[in-house]
Amino acid sequence: MVIKWVKKGRGGIYWPSKAMKKRAWVSDEKIYKEANKNPIKFWEKLAKEGITWFKKWKKAYVEKPPYFKWFVGGKLNASFNCLDRHLEKRRNKVAIFWEPEPKEERGRVLTYYELYKQVNKFANVLKKLGVKKGDVVGIYLPMIPEAIISMLACARIGAIHTVVFSAFSSEALKIRLQDTDAKFLITADGYYRRGKIINLKEKADEGIKETKVEKVVVVRRLGEKLEVSMKEGRDYWWDELMKKAKDYYKPASMRSEDILFILFSSGTTGRPKGIIHDTGGYLVQAYWTAKWNFDLHEDDIMWCTADLGWITGHTYGCYGILANGATLVMYEGALDWPEPDRWCEIIDKYGVTVFYTAPTAIRMFARYDGRLVKKHDLSSLRILGSVGEVINKEAWLWFFKEVGKGRCPLIDTWWQTETGGTLINALPGIGPFVPCFAGRSFPGTRHEVLDENGKVCKPYQEGNLVQLPPFAPGMLRGLYKNHERYVKTYWSKYGKKIYFTSDGAWKDEKGNFRLTGRVDDVMKVAGHRISTAELEDAITRHYAIAECAIVPMPHEIKGEVPVAFVILKPGFQPSENLEREVVKQAEKYIGPIARPAKVFFVQDLPKTRSGKIMRRILKKLVAREKELGDLSTLANPESIEKIREILS
Ligand code: WT7
């Protein structure tokens, strides 16, 4: 029998069905009011119930704007919470179903006990290599179980991990390792992507040049399929070290405020910023948002399609799910490889109950018109989730109707790398589920929409989304070694007691938020953050390029894609070759996701009198908008007509 988890309301709104209400961890509206009466008490209760502490905290919340702390004096270990505490009840339960990209290859199944053993061994390996509490360990791995094992092993010994997305370039890896002074790196020989073999070790070797990395552990993912070079005394094979490693490592007793990980994300300058997450607060939010948003019960199988290199992968592809003792699916490759319905096959194969993905993936699936979906049994699905950017109505409805068959709540979760866990979304047992609306603030958190002067916007009036204190426990604790940028980015617009998200939004009179996109110079390409400044920096490093402006262009599937306007240095002429080289600059310094979709060579760019490029005009020109807005500060109006000609 197929259970209906939602029912239809009026005006295209959906609500949880009786069955969902009965099953859900939270189904009473009152939770919002109660939590907000005293958010600190509320989170304290959750911290106590959800997480195992070695020592209870003395003070739940301490604020010293723009910094704040949660569960001060408390001690715990993240790997203990994800593993050890499940051994009694869930020893032989599956923790990870791993699906390799090549279909002819067998997958791997790791039970909680197996994962526990591997993590303990690898913790011993790290220790033996000289990793100490507080050291930073770089993780540059494809989507293989060793990535999770590495993260949890770092957490176990109290080392700080910084995961770098494996599709990022060696230059991108380098600056992340440099900025964190990492002395250790965990990588692999290679992996499969769209049927091709990717040589990761080669990129890693390049990336560790000019860094402090002394030891590299290499996972054999491809084995004989790819030969890689190993440097004596620096590079070690994972499997060889593991063979000799002891079985148990006592989890380090970490302070709640000790750093669990640093994750880099793009901002409005050329260099990505190292976002710091602590142990206790992060884990509390990861645990409860995972449990309540996806209504995780003992029999659930959750598949979050995000790579571990992003915050979504950290929280809902690792910590939040494992802390709940649930089962997760991890997939190595592209969702549409070798056939566009590979993702359906995986849902069907493992009986996935919670499917969490991104609008860009949904739009890609939707191109196939539901025909492919119908070939598969997706009846195991219970909850659908979306994250990364605003989900448009068509994509929402397609996902809801064709994948969820109109039976499953679709949870649109708004959050950021900075917030550690989700913050704005409907809860499956409460609803409502409305296309394009993320929903309400998670119980115990408060958000508001403010105008430019800091005044609260009226319902339906668009403004800037902010978070009000007490700040959610999973929020960032700073930017690694960069206090100034931390203050400037988040705590300058509205002062040190209001967190500025950099997102535009409005809300209805019931407090449901509708997000409208970034208000800074960061674009979302297939859900990934790309900073215009970072990309411009990468491109202007080319010897022939004098100036460059990057703006987003709307794209049917990826939401938006970068477009480059380039001014060449004297003596250089536009050519297809130079166009390719512009694209290569993006690949070299960031990675394939940053590739400009189009390159336009121009003589002049619209600028203000002080010489600042007016990207908002370029953006409108690219989107073919007639109305260009206020041009009073534009110094060279003639540039606009020329660009229009080039674009047409
Ligand atoms: C930015 C954060 C959070 C994990 C993935 C992205 C946008 C994220 C939504 C959503 C509208 C969204 C915002 C935000 N965003 N989720 N459900 N609806 N916009 O993390 O790379 O740190 O990006 O993604 O613009 O600020 P991130």
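Numbers here are sequence positions counted from 1. All ligand and atom numbering here is 1-based and tracks the order in the structure. Worth knowing before you read on, the calculation uses all heavy atoms, side chains too, and leaves out hydrogens, waters and symmetry mates.
A salt bridge is defined here as a Lys NZ or Arg NE, NH1 or NH2 lying under 4.0 Å from an Asp or Glu carboxylate O, and Glu101 with Arg194 fails to meet this definition. Residues Arg363 and Glu389 are paired through a salt bridge, judged by an N-O separation under 4.0 Å between the basic side chain and the carboxylate.
Taking the salt bridge (Lys or Arg N to Asp or Glu O under 4.0 Å) definition, one finds that Asp537 meets it with nothing, sequence neighbours left out. Remark: Ile160 engages Val136, Ile259, Ile262 in a side-chain contact (heavy atoms from CB on, under 4.5 Å) (not counting sequence neighbours). In terms of the salt bridge (Lys or Arg N to Asp or Glu O under 4.0 Å) criterion, residue partners of Asp520 (sequence neighbours excluded) are, by chain and number, Arg518.
The 12-atom threshold is exceeded at CD of Glu509, counting heavy atoms of other residues, nucleotides or ligands nearer than 6.0 Å.
Under 4.0 Å from any atom of ligand 1, one finds heavy atoms of residues Ile311, Thr312, Val387, Gly388, Glu389, Val390, Asp412, Thr413, Trp414, Trp415, Gln416, Thr417, Asp503, Leu515, Arg518, Lys524, Arg529.
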